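Quick note on labels: first sequence line is chain A, next is B, and so on, each numbered from 1. All values derive from a computational prediction rather than experimental measurement.
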Protein chains: 2
Amino acid sequence: MESPSRAHRRRKEARPAELIAAALKLFVEHGFAATRLDDVASAAGVTKGTLYLYFDSKETLFRAVIEQNILPLIARAEDSVAHHDGTAAELLRGLLLDWWSLVGETEAGGVLKLMVTEARNFPDVAVYYNEAVVERAKRLVSQVLDLGIARGEFRRVDHEMAFHAIFSPAMMLIIWRYSIGACCGQNIDPAHFMDFSFDLTLNGLKT
Amino acid sequence: MESPSRAHRRRKEARPAELIAAALKLFVEHGFAATRLDDVASAAGVTKGTLYLYFDSKETLFRAVIEQNILPLIARAEDSVAHHDGTAAELLRGLLLDWWSLVGETEAGGVLKLMVTEARNFPDVAVYYNEAVVERAKRLVSQVLDLGIARGEFRRVDHEMAFHAIFSPAMMLIIWRYSIGACCGQNIDPAHFMDFSFDLTLNGLKT
DNA sequence: GACAATTAACTGACCGGTTAGTTAGTATCT
DNA sequence: AGATACTAACTAACCGGTCAGTTAATTGTC
């Protein structure tokens, strides 16, 4: 027996991350209000008292969950911009697939669903998310569209509209997976759907 | 005093609908768990005790909210099928715009967001919703796609994929409006966006 | 290397505010 | 007057947040 007795070892460094991971999972599953801190703590292998050593309140924990899970996303997005080679179409596909492998296929994808469900209860967090993620992505897509139009690949389109149209399928896929899809077995094959919907959109964008 | 007595008139017939409307609004805004029944009741102009005359529990009220708001939707969808005239493209556009004016532009649109946020807490309701709304819509779109393919208008496409691709923008628009969009002023012009995204998709579908 | 003395991560019982659900009583209708 | 739509005061349970106490690690002393 290596460590049943050591169930509660002292691991100050690891706790916050573990608590945040547990909180993300449960917040996404049940929503913020319906999630008990006792459950978050025990999912992270500690008790509620310990949770309060690291976070001031349930709300603070929520903010930490959002922040921790979008910070890497922001960082990664930035260097993805610079290296543009190939056609605008290829760049756009790369952008979308990068975003997918970063958001869609990781636990972090739940943050999107969480923001959608809790935006009205935490408007300031929603504004922060909008600026840190959505607006940034919008600017990225806008650049690619400009490039595509300049190269004669794309039609002149409303950038705002195009952005939403391009990301809608991927966002829908994520939200679906964490909500109704989780209850009704029939899940869409993500890779297949991403390919399909991107082709559809690209055809629409082409001159 | 003009009508403090009016405040509690006896209106057995009107109460359930009023309570359901108030509940929908608050459930969509704050989520199921974070909504107080006292608030639902007072939004409907009664007190909590009255609410319990018409609904057994908070959960029963939730189910009623979903059911009442998708029943008309189902009914309307059915007769929209039969009258197919014109091209498949026109039919598809009609289907989507009908759905939009029925779901997107009414209070009932909130049901979609509500189902997304609460699906995991009410899996059986989610399954019901999926069968009563999603699967039904899927079959409708499938018929139109078959028609379009038979007429040589559309490419041979995976119906499941195409369905999700077609409805993604509209669903995203609704979910957006009731969540992050509600916190960050910048709302998309629905009519414009629906036109834009449908054109994009249609281009992709065409032979 | 053993054995305090000290520090700090962690626990779990507890408190108080909140809210789903109940019920005794009031107002309105026929 | 009898029936019933409705109210408001009430209860019980639940859960966010606290804190006195426990236990694991570290340091210091011989």
Side-chain angles (χ1 to χ4, degrees), chain A residues 1-27 29-66 114 118 121-122 125, chain B residues 1-27 29-66 114 118 121-122 125:
Chain A
M1 48 134 83
E2 31 95 60
S3 55
S5 58
R6 343 196 55 56
H8 39 85
R9 284 214 315 293
R10 296 153 49 103
R11 297 188 303 116
K12 188 181 180 179
E13 279 70 33
R15 297 302 188 204
E18 290 171 355
L19 285 162
I20 285 174
L24 173 61
K25 181 169 177 291
L26 292 172
F27 285 167
E29 199 169 326
H30 302 115
F32 176 78
T35 300
R36 289 176 287 269
L37 290 185
D38 276 315
D39 290 344
V40 172
S42 79
V46 294
T47 57
K48 197 169 53 172
T50 303
L51 192 157
Y52 273 91
L53 292 175
Y54 298 105
F55 302 97
D56 290 346
S57 66
K58 195 180 185 185
E59 184 172 332
T60 305
L61 176 62
F62 176 80
R63 289 170 194 272
V65 166
I66 300 291
L114 190 55
E118 303 297 339
N121 291 325
F122 300 96
V125 181
Chain B
M1 45 173 62
E2 29 85 59
S3 55
S5 57
R6 275 184 68 75
H8 40 85
R9 281 218 319 294
R10 296 152 52 100
R11 298 189 302 117
K12 189 180 180 180
E13 279 70 34
R15 298 301 187 203
E18 289 170 355
L19 284 162
I20 284 173
L24 173 61
K25 181 168 177 292
L26 292 172
F27 284 166
E29 197 168 328
H30 301 115
F32 175 78
T35 300
R36 290 175 288 268
L37 289 185
D38 276 316
D39 290 344
V40 172
S42 79
V46 294
T47 58
K48 197 169 53 173
T50 302
L51 192 156
Y52 273 90
L53 292 175
Y54 298 104
F55 302 96
D56 289 345
S57 66
K58 197 180 182 184
E59 184 171 332
T60 305
L61 176 62
F62 176 80
R63 289 170 194 274
V65 166
I66 300 292
L114 190 54
E118 304 298 339
N121 291 326
F122 300 96
V125 181

Q) Once you round it to whole Å, what is the distance between P of dC15(C) and OH of Tyr52(A)? A) 18 Å

Q.
What is the separation between atom CG on Leu37(B) and atom P on dA13(D), rounded to the nearest whole Å?
A. 18 Å

Q) Which part of the nucleic acid, if any, lies within reach of Ser42(B) when heavy atoms closer than 4.0 Å are counted: base, sugar-phosphate only, or nothing? A) nothing

Q | Heavy-atom side-chain proximity of Leu19(B) to Pro16(B) below 4.5 angstrom | A | no

**Q.** Distance below 4.0 Å between Tyr54(A) side-chain N/O and dC10(C) OP1 or OP2
**A.** yes

(Q) Do Leu53(B) and Val46(B) have side chains that approach each other closer than 4.5 Å (heavy atoms only, starting at C-beta)? (A) no

**Q.** Gap between atoms CG and C1', on Leu51(B) and dA5(D) respectively (whole Å)
**A.** 14 Å

(Q) Let's see if you can work this out: which of dT19(C), dA9(C), dG21(C) has an atom nearest to the side-chain heavy atoms of Ser57(B)? (A) dG21(C)

Q: Return the value, rounded to whole Å, for the distance between atom NZ of Lys58(A) and atom P of dC14(D).
A: 15 Å

Q.
So, OP1 or OP2 of dA24(D): does either fall under 4.0 Å of a side-chain N or O from Arg11(A)?
A. no

Q: Go through dG16(D), dT19(C), dA8(D) for me and flag the one nearest to the Arg36(B) side chain.
A: dT19(C)

Q: Starting at atom CZ of Arg15(B), determine the distance to atom P of dT28(C), rounded to an integer number of angstrom.
A: 13 Å

Q) Does a nitrogen or oxygen in the side chain of Thr50(A) sit under 4.0 Å from OP1 or OP2 of dC10(C)? A) no

Q. So which of Lys12(A), Glu18(A), Glu13(A) actually passes side chain to side chain contact (heavy atoms under 4.5 Å, CB included) with Arg15(A)?
A. Glu18(A)

Q. Which part of the nucleic acid, if any, lies within reach of Phe55(B) when heavy atoms closer than 4.0 Å are counted: base, sugar-phosphate only, or nothing?
A. nothing

Q. For the pair made of NZ in Lys12(B) and P in dA3(D), what is the distance, rounded to whole Å?
A. 15 Å

(Q) Ring-plane angle category for Phe62(B) and Phe122(B), please: parallel below 30°, perpendicular beyond 60°, tilted otherwise. (A) parallel

Q. Donor-acceptor pair under 3.5 Å: do we get one between Lys48(B)'s side chain and the base of dG21(C)?
A. yes

(Q) Whole angstroms only, please: what is the CZ-P distance between Phe62(A) and dG16(D)? (A) 15 Å

Q | pair Phe32(A)-Asn121(A): side-chain heavy atoms closer than 4.5 Å | A | no

Q. If each of Gly49(A) and Thr35(A) is mapped to the nucleotide of DNA chain D with the nearest heavy atom, which maps nearer the 5' terminus, i.e. the 5' end?
A. Thr35(A)

Q) dG17(D) C1' sits how many Å from Asp56(A) CG, rounded? A) 11 Å

